[in-house]
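Lettering of chains follows the sequences in order, A, B, ..., and the numbering in each one begins at 1.
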There are 2 protein chains.
Amino acid sequence: MVTMSDVAKEARVSRATASYALRGDTRIAESTRNKVVEAARKLNYTANLSARSLRSGKSGIIGVAIFELDKPYPSQMSATLSRKINAYGMQAIIQQTSISKRNEISILQRVTSQLCDGTIFSPGSISNEEMRALTDGKPMVLLDDPSLHPAFDSVMTAGTAGARTAVMHLISIGCRRIIVIGASLSTMNDPANANTTKTLRLRGCLQAFQEAELAFDDTTFINADHWDPDTARNIAHQLIDSGRQFDGAFCMTDSLALGFMRGLADRQVYVPQDAALVGFDGIKEGGLSLPSLTTVQTDLDDLAAKSVGMLMERINQPQAHLEPQQMTANYKLVVRESSRR
Amino acid sequence: MVTMSDVAKEARVSRATASYALRGDTRIAESTRNKVVEAARKLNYTANLSARSLRSGKSGIIGVAIFELDKPYPSQMSATLSRKINAYGMQAIIQQTSISKRNEISILQRVTSQLCDGTIFSPGSISNEEMRALTDGKPMVLLDDPSLHPAFDSVMTAGTAGARTAVMHLISIGCRRIIVIGASLSTMNDPANANTTKTLRLRGCLQAFQEAELAFDDTTFINADHWDPDTARNIAHQLIDSGRQFDGAFCMTDSLALGFMRGLADRQVYVPQDAALVGFDGIKEGGLSLPSLTTVQTDLDDLAAKSVGMLMERINQPQAHLEPQQMTANYKLVVRESSRR
DNA sequence: TTGAAAGCGGTACCAA
DNA sequence: TTGGTACCGCTTTCAA
């Protein structure tokens with residue numbers, strides 16, 4: 001391994017000078033800097049990350065910790081965040097929490113807070129206090145922070161407004177017997193859930209129902225333990241088998257929607273003829289399915305710009321001890337075949 | 001930040017003793033170790049990664065560098081690798097190369113070779129020699145290494161055997177006018193391409209055609225510049241618009257297959273009635289599409305077990321200077337609706 | 001069985 | 001403008 005001493009020797013300067021020169025400190029004479037840079041290139045030198053990070057506390061790395069990388073939405077979000085981070089000249093590393101608390105702690109404690117200049121974290125089962133302790137004061141931006149008293153900057157998806165838009169759209173195309181897949185109404189009973197993704201989306205649904213003066217009850221809202229396609233596919237089977245009637249469905253994520261659509265097809269119920277369908281997230285797969293999926297699409301570029309932007313601000317101004325900020329990512333309704341009649 | 005000195009002081013031992021105790025060195029008396037461990041827990045101590053890594057050259061981190069995280073196959077592969085790495089008690093960090101050479105170099109040079117005890121890398125545009133230089137002798141396992149003279153351990157997907165299986169399956173269900181989407185025959189003309197994914201899969205197709213004594217020519221094989229759904233969708237449009245007849249299609253990836261299927265549907269050509277369809281990879285989305293997709297499924301658990309296993313062996317026995325090894329991941333044909341007649 | 005001390009490869013203060 | 005040097009926090013050799 002070639003170290004800075006090697007470079008300094010090659011350029012016939014001191015280690016200190018070499019260090020300054022390579023980082024472009026203006027106090028170093030241009031001619032000296034050129035010598036050093038040339039020597040570094042000749043030796044194919046790269047600064048040792050551990051050493052630099054140990055001494056300066058900076059690594060140039062931003063961590064992204066996300067629940068499950070094999071699901072379309074988180075993977076597309078991570079990819080977008082990663083590119084945005086690169087655009088700032090930083091390296092992005094992505095870690096999968098698998099929604100396991102042990103994993104979350106391990107990631108925050110052993111990697112993120114140690115190595116990363118900042119973290120973008122999609123919290124699962126870990127509390128604000130634990131995060132405080134584990135991040136050791138390093139900047140962190142949360143994605144969809146459900147806590148009642150935010151302790152960190154965060155970027156939210158437009159859960160309530162988006163869900164409201166989705167249901168309003170179903171109503172506007174003539175649906176009158178609408179069901180919602182993803183959460184049951186009872187979720188909202190517990191005040192601790194006031195800001196969870198489920199509650200926010202439920203709230204938007206209720207707004208739409210009320211504005212349109214459409215009746216609803218407990219059976220309108222169907223919980224999904226896991227927001228994945230197989231769960232939704234089973235729900236569809238049960239629903240049809242039970243003889244339930246509906247002419248429109250809002251699924252709280254696209255993954256649910258695609259699974260639900262498939263489940264309906266398994267029972268010869270077809271979208272959009274028999275029931276219109278709207279999802280949420282805007283994953284790419286929704287544009288390819290048969291029929292293609294109407295969805296409330298979160299603008300991932302905007303989400304990435306906001307979260308990485310906030311994080312970089314904190315990193316660059318660590319002294320500013322501002323209140324935690326909350327931003328919301330843009331969204332738009334993308335109308336496709338699943339709601340065209 | 002709480003350091004080892006703090007722990008040592010709290011436990012009333014020296015820093016060295018604390019270090020040994022925490023890592024379970026047997027020379028430390030049990031009672032002493034308990035004191036230290038207790039102190040560490042009380043202070044909520046975590047060893048500084050940079051310091052440890054700088055001094056010992058080990059970090060407990062394995063890097064995974066993959067081309068695009070927002071595509072189903074690489075994202076599902078990364079997720080599986082990540083879990084497998086965790087099962088070995090190591091931390092996994094995932095980085096996205098975006099198939100940009102600059103990015104690949106940057107990742108290898110600035111993060112992977114610096115920080116990671118080993119790397120699993122899906123090479124894009126970087127050469128063996130460059131990798132040698134950038135990894136600085138650290139263990140690395142390549143995924144689908146296309147080089148003619150492998151310089152690293154690698155795990156291959158069963159390109160030739162898998163593609164052969166796929167085409168044989170189409171033949172076995174009665175298809176006689178089969179087309180292949182993904183690469184053109186001319187790809188194989190350049191000897192430099194002898195081991196690329198495209199060539200391997202082409203080779204398998206040719207074997208199947210020849211064994212079944214089925215005619216084929218240049219027009220049987222249609223190139224896709226990018227292996228993504230939109231490209232395939234366009235190909236489908238062009239093919240149908242040009243009046244091309246076929247009763248079966250093998251797409252070199254599931255993403256191509258799903259796009260192709262959607263493109264056929266855009267032109268009122270339906271799978272499997274009008275043409276049977278087989279993909280390659282085995283992404284989860286293939287089980288949900290309408291119709292569900294027959295595919296040659298790569299066993300990702302097996303792929304992960306093999307690649308992480310090889311890597312861990314290299315890490316644990318750095319002295320053994322064995323020849324580069326090649327392994328191949330298991331696969332199986334998963335027959336679904338797209339080829340049921 | 002434990003402790004003192006020398007680094008690992010950089011950074012940054014201070015002096016020249 | 002440049003160089004000497006202390007130090008970041010941990011590991012590891014060597015001595016006690």
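Rounded to a whole Å, the CZ atom of A:R55 is 11 Å from the C1' atom of D:dT5. Summarising the geometry, the separation between OH on B:Y45 and C1' on D:dG9 is reported as 7 Å, rounded to the nearest angstrom. For A:L49 and C:dG10, the CG to C1' distance is 11 Å, given to the nearest whole Å. Taking atom CG on B:L22 and atom P on D:dT11, their separation rounds to 8 Å, with Å as the unit. Spacing between atom NZ of B:K58 and atom C1' of C:dC8 amounts to 15 Å, rounded to whole angstrom units. Spacing between atom CE of B:M4 and atom C1' of D:dC8 amounts to 13 Å, rounded to whole angstrom units.
Across all strands shown, A:T3 has heavy atoms under 4.0 Å from sugar-phosphate atoms exclusively, and none from any base. Among the atoms of the strands shown, only primed sugar atoms or phosphate atoms (P, OP1, OP2) are found under 4.0 Å from some heavy atom of A:T32. At a threshold of 4.0 angstrom between heavy atoms, the contacts of B:A16 include nucleobase atoms, whether or not backbone atoms are also involved.
Once rounded to the nearest 0.5 Å, the distance linking CG of A:L54 with OG of B:S53 reads 9.5 Å.
The 5' end of DNA chain D is approached more closely, in terms of each residue's nearest nucleotide, by B:L54 than by the other of B:R23 and B:L54.
Taking the side chain of B:R15 as heavy atoms from C-beta on, and the options D:dC10, D:dC7, D:dT12, the nearest nucleotide is D:dC10. Candidate nucleotides D:dT2, D:dT12, C:dT2 were compared by shortest atom distance to the side chain of B:I28, and C:dT2 ranks first.
Looking at A:T80 and A:D301, their side chains come closer than 4.5 Å, going by heavy atoms from C-beta outward.
A salt bridge between A:K35 and A:E38 is absent, with no side-chain N of the basic residue lying under 4.0 Å from a carboxylate O of the acidic one. We find that B:D228 and A:K284 are not joined by a salt bridge, their nearest charged nitrogen and carboxylate oxygen being 4.0 Å or further apart.
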